[in-house]
Each structure stands twice: as structure tokens, then as C-alpha cells.
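Single-structure report; data block below.
Computed from a prediction, not measured in an experiment: that's the story for all the values here.
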Amino acid sequence: ALDDINRQIREAIATEAAPLKISAQLFPSQKAFEISNQKIIFEALEDEIRGITISPYFQLHPIKTVAVIFGMGSTEDKLSMCDRCEDKCH
């Protein structure tokens, strides 16, 4: 389900931001992107989101709520989060 939502968001961004392309996608806690950055994302969007809270430990509620930052540039990045992961599930 998250992959489908991610695809829909990427398509919407691509339409709105053309000719820029999504050049990176970062999730808090991914590699060197500290989970504490989740609070920065939350605070930046706090006025636009309803029903989502953040704990002192940077956990978003309700459970399974995720934050992501999309970088924009001239080159499209087609790698998924799984493609970048060093801990392969398969």
C-alpha cells in the first residue's frame, strides 16, 4: 500500500513541479537522516495536517504515518527505498 501511495505522490509532484524531477527521496531514520528530523518535517506541515501527532521520541501517530522529503532537480532518481537499503529483505 505504501508503494502505491508513494507512486501517486511522486506522479502528483512530477506534474506540479515540471520541468523539475524528483532527484532524491529521504525518510527520517534512513541512513544518516536522523529520526529527529521527523519533528522538523512535522512542524513545517503542522498547520496543514489534521489528526497526526508526534511523540517526544519522534514517533508519528497514528501508527504507520510516515514522513518523507523529496529533493527536486534536473535528473530523475528512479531508485526505490528498498533499492537503497543496505539490509536487503530478500
Determine the minimum heavy-atom distance between [X] and [Y], stating which atoms define it.
X	Y	answer
Ser23	Gly73	OG-N, 3.6 Å
Ile63	Gln59	CD1-NE2, 4.0 Å
Lys39	Phe58	CB-CD2, 3.9 Å
Ile52	Phe42	O-CE1, 3.4 Å
Ala67	Pro28	O-CD, 3.3 Å

About how many Å separate [atom2] of [Y] and [atom1] of [X], when rounded to the nearest 0.5 Å?
X	Y	atom1	atom2	answer
Arg10	Arg7	CZ	CZ	11.5 Å
Leu26	Asn37	CG	CG	9.5 Å
Ile49	Leu60	CD1	CG	7.5 Å
Leu20	Thr75	CG	OG1	10.5 Å
Glu43	Ile54	CD	CD1	7.5 Å
Leu45	Ile40	CG	CD1	12.0 Å

Requested in this report: Using atom types as modelled and distance alone, determine if a side-chain donor or acceptor of Glu76 lies under 3.5 Å from a backbone N or O of Lys21.
Outcome: no
Requested in this report: Check the pair Ile41 / Phe27 against side chain to side chain contact (heavy atoms under 4.5 Å, CB included), numbers first and verdict last.
Outcome: CA-CA 10 Å; Ile41 297 169; Phe27 293 86; over 6 Å; no
**Report entry** Results of side-chain contact (heavy atoms from CB on, under 4.5 Å) for Pro19 - residues two or more places apart only
**Finding:**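 Testing Pro19 for side-chain contact (heavy atoms from CB on, under 4.5 Å), a comparison that skips the adjacent residues, returns none.
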Report task. Applying side chain to side chain contact (heavy atoms under 4.5 Å, CB included), run through Ile13 and Met72 and close with a yes or a no. Result -> CA-CA 9 Å; Ile13 290 171; Met72 303 300 294; 3.8 Å; yes
Report task. Could you tell me which residues satisfy side chain to side chain donor-acceptor pair (under 3.5 Å) with Glu34, sequence neighbours excluded, listed by chain and number? Result -> none
Requested in this report: Please list, chain by chain and in numerical order, all residues satisfying side chain to side chain donor-acceptor pair (under 3.5 Å) with Glu16, sequence neighbours excluded.
Outcome: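 Testing Glu16 for side chain to side chain donor-acceptor pair (under 3.5 Å), a comparison that skips the adjacent residues, returns none.
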